Amino acid sequence: MKLDRASALSGTIDLPGDKSISHRAAMFAAIAEGATTIINFATSEDCASTVRCLGSLGVRTERTENVLVVEGVGKTGLERPSQPLDCGNSGTTMRLIAGILAGQNFDSTLVGDDSLQSRPMKRIIEPLERMGAVIDAQNGRAPLVVKGKNPLSAIEYQPPVASAQIKSCVLLAGLNADGLTTVIEPVPTRDHTERMLRWFGVDVGVEGTRISVSGDARLVARDLVVPSDISSAAFFLVAAACLPGSDITMPNVGLNPSRRAVLDVLVRLGANVEVTNSEENCNEPVATLRVRGGFGPTDAERLIRGDIIANLIDEVPILAVLGTQIEGGLEIRDAAELRVKESDRIAAVVENLSRMGANVTEFPDGLRVERSQLTGAEIDSRHDHRIAMAFAIAALFANGPTIINGAAAADVSFPGFFEMLRSVVR
Ligand code: S3P
């Protein structure tokens with residue numbers, strides 16, 4: 001994919017449905033009693049992986065563009081799959097479905113692509129085995145053979161890393177356990193699971209960082225609408241903020257407090273963002289975002305670290321690109337988890353920003369970027385969707401053309417990203 005410098009972005013953008021919320025909507029609808037219609041279901045390849053796995057588990061679904069109808073089978077009604085379940089590139093698919101499968105009375109195998117099969121799974125194997133499932137894996141990596149059991153034993157679990165995927169996995173297993181299962185989060189992470197379980201009628205206990213579900217809980221089918229994905233909006237927020245004269249409007253964007261830190265950081269740095277039409281839809285806050293180019297004066301710190309990292313974990317690559325465009329640059333620390341995402345995102349960002357001539361320093365847990373004039377270069381996406389898209393935005397700020405190799409990876413979360421970007425570039 002070849003991209004050139006742009007002078008501004010303008011227009012209105014209808015972003016795809018939120019990936020995190022769509023995964024949960026499909027999975028929870030599958031284990032609910034009754035049929036659920038999901039509107040604005042993500043078009044991403046990752047969410048298609050979830051739907052495919054549910055199909056192999058005997059769940060009937062019908063898809064028309066971005067509407068998905070799921071015939072729920074109840075929380076123990078899944079069928080033993082006749083073949084391995086292919087989670088593709090999707091960590092959320094594998095880690096959340098593993099939690100559901102742990103409480104089924106059959107064995108199943110979860111596989112994925114090379115990236116997913118190199119990602120750490122011990123973080124879910126450990127709690128699920130404590131609950132009584134047996135999970136075979138080589139070196140804590142997929143393929144995972146999940147030997148389920150019903151009921152599981154309820155546990156109280158404190159994950160060693162802040163991860164909504166671990167939390168969700170354990171809570172989903174807890175739905176098939178003999179008592180109250182509690183996850184104690186080291187740092188608050190996205191709470192879509194808690195909100196959506198409630199939408200499906202489950203009593204979720206939340207006391208500070210302790211989140212509990214009971215094995216008695218039942219999920220009742222209930223139609224829902226998925227907000228547009230703030231992680232996809234982030235690319236356009238940064239691009240428009242950095243290009244003076246830009247004016248981009250994005251309706252219906254999910255502004256869950258545990259996901260919106262990217263927006264708050266931009267505003268603190270002086271970006272001109274207007275939030276209107278705020279409402280709550282299906283337990284998730286949504287609003288229209290309008291961003292206009294240019295930054296106002298600010299003395300905000302140029303260091304992002306600590307608990308906020310979990311809230312903007314998927315936006316770090318595009319925030320690093322932002323750092324090249326703002327006075328004082330940007331330093332991001334406490335983000336070592338980025339090394340075990342779809343690629344080593346710290347290494348990928350440092351390598352590709354360096355290729356574009358940026359002044360960037362790598363740390364074990366993050367990076368520091370100085371304000372830099374970027375030059376077009378050849379970018380390696382490492383088959384990672386967020387790297388491909390972050391550098392498509394970097395290309396808009398660069399002198400000379402940029403080539404993104406492996407640009408098709410964008411489809412993992414945002415099919416049509418490049419067409420949408422071209423349609424608003426001026
Ligand atoms: C996700 C949680 C995050 C995030 C991922 C989606 C989720 O991962 O990076 O893209 O839907 O729960 P971790 O929870 O492992 O940090």
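All figures in this text were calculated on a predicted structure; none of them were measured in a lab. Counting convention: from 1, in listed order, for ligands and their atoms alike.
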**CA sep, side-chain torsions, deciding dist, call: F106, L78, side-chain contact (heavy atoms from CB on, under 4.5 Å)** = CA-CA 9 Å; F106 55 73; L78 299 171; 4.1 Å; yes
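Under the side chain to side chain donor-acceptor pair (under 3.5 Å) criterion, the residue pairs touching residues 122-135 are R123-E337, E126-Y157, with sequence neighbours excluded. Residue pairs meeting the ring-ring contact (aromatic ring centres under 6.0 Å, His included) criterion with at least one partner in residues 207-243, sequence neighbours excluded, are F235-F417, F236-F417. Screening residues 66-81 for salt bridge (charged side-chain N to carboxylate O under 4.0 Å, His left out), with sequence neighbours left out, gives no hits.
For a heavy-atom separation below 4.0 Å, the residues in contact with ligand 1 are S20, R24, T92, S163, A164, Q165, R190, I313, D314, K341.
With rounding to the nearest 0.5 Å, the separation of CD1 in I13 from CD1 in I248 is 4.0 Å.
Among N105, D136, D107, the single residue meeting the side-chain hydrogen bond (donor to acceptor under 3.5 Å, both in side chains) criterion with K147 is D136.
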